[in-house]
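These notes are about the structure you will find just below.
Letters A, B, ... mirror the listed sequences (proteins, then strands); counts begin at 1. Keep in mind the model is a prediction, meaning the values are calculated, not measured.
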Number of protein chains: 2
Amino acid sequence: MQTLSTEDYLKAIYHVSQSSSGAVATTSIAKQIGAKPSSVTDMFKKLSDQNLVKYQKYQGVSLTNEGVKTALRIIRKHRLWESFLVSHLNFNWDEVHQVAEQLEHIQSEKLTNELERFLDYPTHDPHGDPIPNRALFMKTYNKILLTELPVNKECVCVGVKDNSSDFLRYLDRRQIGIGTPLQVLHREDFDDSLHIQAGKSTLMITKKTAENIYVKS
Amino acid sequence: MQTLSTEDYLKAIYHVSQSSSGAVATTSIAKQIGAKPSSVTDMFKKLSDQNLVKYQKYQGVSLTNEGVKTALRIIRKHRLWESFLVSHLNFNWDEVHQVAEQLEHIQSEKLTNELERFLDYPTHDPHGDPIPNRALFMKTYNKILLTELPVNKECVCVGVKDNSSDFLRYLDRRQIGIGTPLQVLHREDFDDSLHIQAGKSTLMITKKTAENIYVKS
DNA sequence: AAAAAAATTTAGACTTGTCTAAATTTGTTA
DNA sequence: TAACAAATTTAGACAAGTCTAAATTTTTTT
Ligand SMILES: [Mn+2]
Ligand SMILES: [Mn+2]
Ligand SMILES: [Mn+2]
Ligand SMILES: [Mn+2]
């Protein structure tokens, strides 16, 4: 049985390990969690004692099988709750993270599984991230960044890389969301900006925006 | 902003103060919380420093106005979540307490108020206890214990005093729940047992059972 | 390969919440 | 009312999680 804090660390280690190869460094977790590196070292030792991570001094950590499972159980709850907040409690997709960060720690298998049933077994959360099912298996599809999409190819927005409120509200204003049909009309060589068709309107977005939008064709 | 622990103490103090007059004693809270009296003394001091209780050494505590408000906010969340678990997530009324004990600490006014809206502004939880509204006002009706009901008077079960799983499941087996019409057919002088009409069936219950059932006529 | 920089760990401290054991106060009984 | 019992508080300890400052190791740069 984990504490709130160890759960957040395991989740952070999982996320960092997904977006980079090799062992997870102390400072990367310190940044993610918002703690000092010395605190992270302490926690690495505790997690190592519980066999949730493999830890070698000065060499970072990697999750054990049990560590991965524990992380995925938290992520499953986080994403189910996010889905619930958006689908039934009138939350916007930029408001859910802070609350889900708390709800993900509620301990009750029955609660999690009944919530999943109530939501009709969603496969993705409001940000397009896959929700692990009861067996902790995630359905992932081939998504690419909008920057990698060939000109004129039709596609659909299926996710975002940056989950910040700022970015999500910016997309709201541009009327881009999960499911919005997108098409690159023209790529400007000078500054890599894109002219795109988004739903029924055409607009211009910067490279920085495009590399935070996942699409599927 | 309170911690999980201080919130549980405030709630416990509120409940004990409701069911007895005068200041709340250290041991009564120790029993309720499941902690040692010395721990309770420590917490009384902390709560006193925050002006949530009035505390005099050896004389127990009483909640300040701010303390009452904080307690009611937790109770509001606890009962709303209990209602949600029963009405939408297939929980039985004897299973909700342990989970609500966790959910009551989630901090998000929007979440609480949207949950209340989603549930269509319920006034009572699955155990018949009143749910404080947004202004922390509770609608209470005149309820009496089944032991106090005159013979042959028709009434309806509106609540339970004992919230233990054992008692609630016992009531399930007897097909007595919130809303069940009840009537005392005969009071046995010898052992104070009652012959009652419960819905369509007649059955016998002990005094102990009767004094844990609230009814309204 | 040595020096400098960056990353990481250790040492020691603090907070919150808890405990046991001992001391103190209050209440009750003879 | 003096002795005893019960309730309460104090003193001192511990675990979890965090921090700062100093020491150590690794990595990068000259
Ligand atoms: Mn969290
Ligand atoms: Mn998400
Ligand atoms: Mn609680
Ligand atoms: Mn209840």
Could you tabulate the donor-acceptor pairs under 3.5 Å formed by side-chain atoms of residues 38-63 of chain B, not counting sequence neighbours?
from: T41(B); atom 1: OG1; to: P37(B); atom 2: O; distance (Å): 3.2

Protein and nucleotides 25-27 of chain D: nitrogen or oxygen contacts under 3.5 angstrom:
from: dT25(D); atom 1: O4'; to: Y58(A); atom 2: OH; distance (Å): 3.4

**Item:** salt bridge (Lys or Arg N to Asp or Glu O under 4.0 Å) partners of residues 130-150 of chain A, not counting sequence neighbours, each pair once
**Value:** none
**Prompt:** Near DNA chain C, which residues from residues 39-55 of chain B have a heavy atom under 4.0 Å away?
**Reply:** S39(B), D42(B), K46(B)
**Request:** Might you confirm whether atom CG of D191(B) has over 12 heavy atoms from other residues, nucleotides or ligands at distances under 6.0 Å?
**Result:** yes
**Request:** Fit a plane to each ring of Y170(A) and F167(A), take the angle between them on a 0 to 90° scale, and name the class: parallel (under 30°), tilted (30 to 60°) or perpendicular (over 60°).
**Result:** parallel
**Message:** If the condition is ring pair (Phe, Tyr, Trp, His ring centres under 6.0 Å), which residues does H124(A) pass it with, not counting sequence neighbours?
**Reply:** Y141(A)
**Item:** Qualifying salt bridge (Lys or Arg N to Asp or Glu O under 4.0 Å) pairs with a residue from residues 88-113 of chain B, counting only residues at least two apart or across chains
**Value:** E95(A)-K110(B), K110(A)-E95(B), K11(B)-E101(B), K11(B)-E104(B), D94(B)-R169(B)
**Item:** First and last nucleotide of DNA chain C, 5' to 3', lying under 4.0 Å from heavy atoms of chain A
**Value:** dT8(C) to dT10(C)
**Message:** Please enumerate all residues that pass ring pair (Phe, Tyr, Trp, His ring centres under 6.0 Å) together with H15(A), with sequence neighbours excluded.
**Reply:** none
**Request:** Tell me which of I33(A) and S38(B) sits closer to the 5' end of DNA chain D, going by the nucleotide each one is nearest to.
**Result:** S38(B)
**Prompt:** Side chains of H105(B) and D8(B): closer than 4.5 Å at any heavy-atom pair?
**Reply:** yes
Contacts table for residues 209-217 of chain B: side-chain donor-acceptor under 3.5 angstrom, sequence neighbours left out:
from: T209(B); atom 1: OG1; to: T206(B); atom 2: OG1; distance (Å): 3.3
from: N212(B); atom 1: OD1; to: D162(B); atom 2: N; distance (Å): 3.3
from: N212(B); atom 1: ND2; to: K208(B); atom 2: O; distance (Å): 3.0

**Asked** Residues in ring pair (Phe, Tyr, Trp, His ring centres under 6.0 Å) with H127(A), at least two apart?
**Response** none
**Message:** Among residues at least two apart in sequence or on other chains, which ones pass ring pair (Phe, Tyr, Trp, His ring centres under 6.0 Å) with H97(A)?
**Reply:** H78(A)
**Fill in**
Expected list for residues 1-27 of chain A near DNA chain C, using heavy atoms below 4.0 Å, is A25(A), T26(A), T27(A)
**Prompt:** Under 30°, 30 to 60°, or over 60°: which ring-plane class applies to W81(A) and F84(A), parallel, tilted or perpendicular?
**Reply:** perpendicular
